[in-house]
Amino acid sequence: MQHLRYIENSFELLPLRVKVVIYLFPFTILCLIYLYFLEIKRPIDRTPSLVNIEKIQMKVKLIDVLKDIENFAFKNEIYLNKITKGDSSLDFIANSDLKKRLSLLIYLEKYNSFSKIKSFQMSDENLKVSIDFKKFYKKEEIDLIKELEKFKEKKKQVYNLKAIIGQKAFINNKWFSLNDKIERFEIKKINKTNVLMENKFKKISLNLQEKN
């Protein structure tokens with residue numbers, strides 16, 4: 001009892017400011033504990049911050065992109081020419097067979113998130129392509145193989161050899177001589193029963209059609 005009276009007397013002698021602090025201290029601790037547990041129970045927002053993709057720029061220099069394309073072309077025996085480099089674009093012509101030109105188109109489209117084929121023109125011998133690196137693209141899968149197979153079917157030319165007289169051949173209702181050109185092919189040999197035509201990438205042997 002004496003200890004309690006001593007403490008009580010001592011408390012009474014304390015300044016008012018100290019008494020207020022002592023009174024408020026337990027409530028302060030309780031409030032801090034409550035806030036701590038409230039923060040733990042609060043769900044964490046894991047939503048990623050939105051990024052303006054329009055402002056994202058390609059870090060790779062265009063000259064380095066061109067080197068990568070040239071290396072790919074060299075390894076796959078694709079010949080590039082008439083290369084034009086803009087501020088954020090590349091234009092060139094590629095010569096090779098259809099399958100290799102197709103592989104180049106796929107490589108260009110998938111090069112990175114900035115590569116975008118603006119246009120391309122496919123002929124029997126070459127590919128003219130324009131590719132842009134201006135901005136970040138959210139890409140969709142493009143079935144280039146399917147599209148170019150359609151192109152191949154449309155462009156497929158049929159040559160009918162109906163007659164051979166000496167060094168002249170009757171092909172598609174026209175007479176041709178040795179070294180004449182049909183479309184993109186040149187007549188290299190005229191034999192008794194067949195004709196050999198070729199260009200830089202392909203050879204065709206036409207057999208004389210049998211008469212019914």
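Residues: numbered from 1 along the sequence shown. Fair warning: this is a prediction, and the values are worked out from it, not measured in the lab.
- In this structure, the side chains of L62 and K85 come closer than 4.5 Å at one or more pairs of heavy atoms.
- Taking the six-membered ring where tryptophan is involved, the planes of F185 and Y159 are perpendicular, since the angle between them exceeds 60° and thus also 30°.
- Two residues are said to be in side-chain contact when any heavy atoms from C-beta on lie closer than 4.5 Å; S115 and L108 fail this criterion.
- When each of L127, I69, L104 is tested with I78 by the rule side chain to side chain contact (heavy atoms under 4.5 Å, CB included), just one qualifies, namely L104.
- Under the 6.0 Å cut-off for aromatic ring centres, F72 and Y107 qualify, their centroids lying closer than that.
- Atom-to-atom distance recorded for D97:CG and K99:NZ is 8.5 Å, nearest 0.5 angstrom.
- Shown here is K168, whose NZ atom has no more than 12 heavy atoms of other residues, nucleotides or ligands within 6.0 Å.
- Atom CG of N191 is separated from atom CG of N194 by 4.5 Å, given to the nearest 0.5 angstrom.
- Between the side chain of S130 and the main chain of S119, no donor-acceptor pair closer than 3.5 Å is present.
- Taking 4.5 Å as the limit, some side-chain heavy atom of E77 sits within range of a side-chain heavy atom of K100.
- In the hydrophobic cluster analysis, where Ile, Leu, Val, Met, Phe, Trp and Tyr join through side-chain heavy atoms closer than 4.5 angstrom, F176 is grouped apart from F170.
- There is no side-chain donor-acceptor pair under 3.5 Å between S89 and D132.
- Applying the side chain to side chain donor-acceptor pair (under 3.5 Å) test to D64 and every residue at least two apart in sequence or in another chain returns nothing.
- Annotation for K118: atom NZ counts as buried by contact number, over 12 foreign heavy atoms lying within 6.0 Å.
- Atoms CG and OH, from N126 and Y79 in turn, are 14.0 Å apart once rounded to the nearest 0.5 Å.
- I190 approaches G166 most closely through the heavy-atom pair CG2-O, 3.9 Å.
- Under the 4.5 Å side-chain criterion, counting only non-hydrogen atoms from C-beta, E70 is in contact with I83.
- Side-chain contact check for I93 versus N95: some heavy-atom pair is nearer than 4.5 Å.
- Contact of the I164 side chain with the T193 side chain is not registered, since no non-hydrogen atoms from C-beta on lie closer than 4.5 Å.
- You'll find the side chain of I171 reaches within 4.5 Å of the side chain of L206, heavy atoms only.
- Of all heavy-atom pairs between N172 and N160, the closest is OD1-N, 2.7 Å.
- Here the CD1-CG distance, from I187 to N179, works out to 8.5 Å after rounding to the nearest 0.5 Å.
- Looking only at distances, no side-chain donor or acceptor of S205 sits under 3.5 Å from a matching main-chain atom of L196.
- Atom CG of L90 sits about 12.0 Å away from atom CD1 of I117, to the nearest 0.5 Å.
- For CG of D87, the number of neighbouring non-hydrogen atoms (other residues, nucleotides, ligands) closer than 6.0 Å is 12 at most.
- Distance CG/N199 to CD1/I204: 7.5 Å, rounded to 0.5 Å.
- Of the possible polar contacts, one joining the D180 side chain to the S177 backbone as a donor-acceptor pair under 3.5 Å is found.
- Evaluation of the salt bridge (charged side-chain N to carboxylate O under 4.0 Å, His left out) rule for E186 yields K188 as partners, not counting sequence neighbours.
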#### Entry: side chain to side chain contact (heavy atoms under 4.5 Å, CB included) assessment of V65 paired with F114
CA-CA 11 Å; V65 174; F114 295 87; over 6 Å; no
